[in-house]
Structure formats: structure tokens, C-alpha cells
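Scroll down for the structure; my scribbles are underneath it.
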Amino acid sequence: MCGRYATTQTSATLHQAFEADLATSFVELEADYNVAPTKLAPVVIARRGDESASARRELLTARWGLVPSWAKDPSIGNRMINARSETVADKPAFKKAFAQRRALVPADGYYEWYAAQPREGEKKPAKQPFYITPKDGSVLAMAGLYEFWKDREADEWVVSFTILTTTAEDDLGHVHERMPLFLQPQAFDEWLDPAPRSTDELLGLLVPAAPGRLDAFPVSTAVNNVRNNGPELIVPIAAE
DNA sequence: CCAGACGTTGTT
DNA sequence: GTCTGG
DNA sequence: CCAGACGTTGTT
DNA sequence: GTCTGG
């Protein structure tokens, strides 16, 4: 799955990499090596332009954990951090966003916790975090959805997002059973376009990471605690 | 019909 | 809002 | 995802 | 054990 990730690029770099203008509401964020649910992170979306038929890309800051528009309380987003691609088109919490509000979630890499099989009679070993990142250092575009929620108390709109998952490929399957889905640049426009498309067509745009593209290595358990942050979290440590 | 949930992963 | 379960 | 709390009353 | 918060 994807329950923690890193996004450290400046808005200028993201602007360039995703050909996206900064939304007026965009909030400049510090490099984040430990993005956890409920935190703000940059996402790329597209809205239809007034005149041209093509949508124009925008960089927004949004809260991780999709809060459906009908929610009474934003805390429901705490358990909407991932959406299964197999069912996302039908689930009440994601259906509308899948149909109308698809997003890219820029990431340098993401974390998975590997739980080794406990040996007979022994207590289960501690989980080992791994960092999974492109070998070539490129920025990942994770497949996401976003949603608007009106905070009536504060009289403000909250933008939130979720990340789509699928079954892990063999080369990363040994770390985890599930993994996020990605988009390649040539598919960005189709994915982001809010115009109606068939579920099959949309899901066809999504790919597990190209085989061999990603590197996975163990890192310090410092990432476990959301209060820790910094480049030391993605430094490889000696494998067991 | 109304009431109540609306999600994923992992572990057992 | 919309789906599922009773 | 992991870490940390998990509760109430009354007093400051 | 299970829920909430980050």
C-alpha cells in the first residue's frame, strides 16, 4: 500500500516537472521526508479552461486522506488514505472523485514496512521500513483522487486526496502485497481531464512501476515516528 | 421502506 | 450523496 | 503507515 | 484490543 511517503521537490521544480501552474491557494511547504495521513502535500489537478477545450494543470496543496463532500467531520479522511483500484469506481466514498476529480501525487519515493515471518515459538520480529524510489532519481506521479469538503465552522473549503493501490508486482512483492499505482507523463492529460471516461479506459492509464525502475532498500526505523523528518530518513542502512 | 455506513491493510 | 443490510 | 491513548471530575 | 491523530 502506501501509508507514508516523501515529497521534497520545490514548487518551482514541480511546476516544471508537471507543467502545472501554482493555484492561488497553493501553500509553500517544506521538503517532507515523512508525509503521513492528515498532512498537507502538493497534488496536481486539471480544471477545464474557460475557452480552450483542454484542461489546464494546477498545483494545489491538499490534505492526505480523502474527505467525501457529504462527511459531517473531516476525521473520516483518516481511513481514506488509499483507494483500491479494483473497486474505486463503485465505492460511495470515492465514486464521484474517480469520475470527476483525478489527481497526480508527486513523490520522490514511498515507504513500506516489511514484517518478516516469525519463527516457530519466537515472538514476531520488529517491522523493517523500506524506502522505494526510482533508480534514476525522477519524480514519481502516483495516481490519486481529490475532493472538496466545506468546513462550515471555519467557513473554508478543505481539499483532500487519496492514493490508488494495486497488487504488488513480483519484484517488489517481497516487500509488500499492495503498492501504489503510477502514471507515465504521456498519460497525465487523459487521467487529469475531468471529462467522463469509462472505468476501463481510466484504469488502463495506470501502471505499477515499470519493472526494474524502482529500487527498494531498508532504512532507519526513525521514519516510524511521524515527528521525525529529514534526509536521514531515506539513507540506506545495512540489510540484515 | 429506513438506518447506518461510507476504507484499506494485515493478521489470525 | 449513495449504497447495503435488515 | 506507526505511535500513543484509551477517562472523569474538579481545580488551576 | 482498538481507536485517533499525525
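Computed from a predicted structure; not experimentally measured. Labels below follow one simple rule: chain letters A, B, ... track the order of the sequence lines, proteins then strands, and each chain is numbered from 1.
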Verdict with reasoning, Ser85(A) to Thr165(A), per side chain to side chain contact (heavy atoms under 4.5 Å, CB included): CA-CA 6 Å; Ser85(A) 56; Thr165(A) 61; 5.9 Å; no

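- Across all strands shown, dT8(D) remains unpaired; no Watson-Crick or G-U wobble contact has both distances below 3.5 Å.
- Between the P atoms of dC3(E) and dA5(B), the separation comes to 12 Å (whole Å).
- Between dC2(D) and dT8(B), the distance separating the two C1' atoms is 15 Å to the nearest Å.
- Think of the region where chain A sits on DNA chain C: with heavy atoms and a 4.0 Å cut, that region ends 5' and 3' at dG1(C) to dC3(C).
- The same atom, P, is picked in dC1(D) and in dT9(B); the two are 8 Å apart, to the nearest Å.
- Distance check on atom P: dT11(B) versus dT2(E) gives 15 Å, rounded to whole Å.
- Cluster annotation: Ile132(A) and Trp113(A) are assigned to distinct hydrophobic clusters (Ile/Leu/Val/Met/Phe/Trp/Tyr, side-chain heavy-atom contacts under 4.5 Å, transitive).
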Contact pattern, 5' to 3', of nucleotides 2-9 of chain B - B, S or - by protein heavy atom under 4.0 Å: ----BBSS

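- Cluster annotation: Phe148(A) is not connected to Leu104(A) through the hydrophobic network of ILVMFWY side chains, with a link wherever side-chain heavy atoms come within less than 4.5 Å.
- For residues 15-28 of chain A, no pair satisfies salt bridge (charged side-chain N to carboxylate O under 4.0 Å, His left out), with sequence neighbours left out.
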Phe18(A) and Phe188(A): CA distance, side-chain angles, deciding distance, ring pair (Phe, Tyr, Trp, His ring centres under 6.0 Å) verdict: CA-CA 9 Å; Phe18(A) 290 94; Phe188(A) 287 178; 5.7 Å; yes

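- For Thr8(A) and Asp108(A), the side-chain atoms include at least one donor-acceptor pair closer than 3.5 Å.
- Figure legend. dT4(E) is base-paired to dA3(D); pairs are counted as Watson-Crick or G-U wobble with both atom distances under 3.5 Å.
- A heavy-atom distance below 4.5 Å is not found between the side chains of Leu140(A) and Pro106(A).
- Residue-environment remark: CD (Gln16(A)) stays at or below the threshold of 12 foreign heavy atoms within 6.0 Å.
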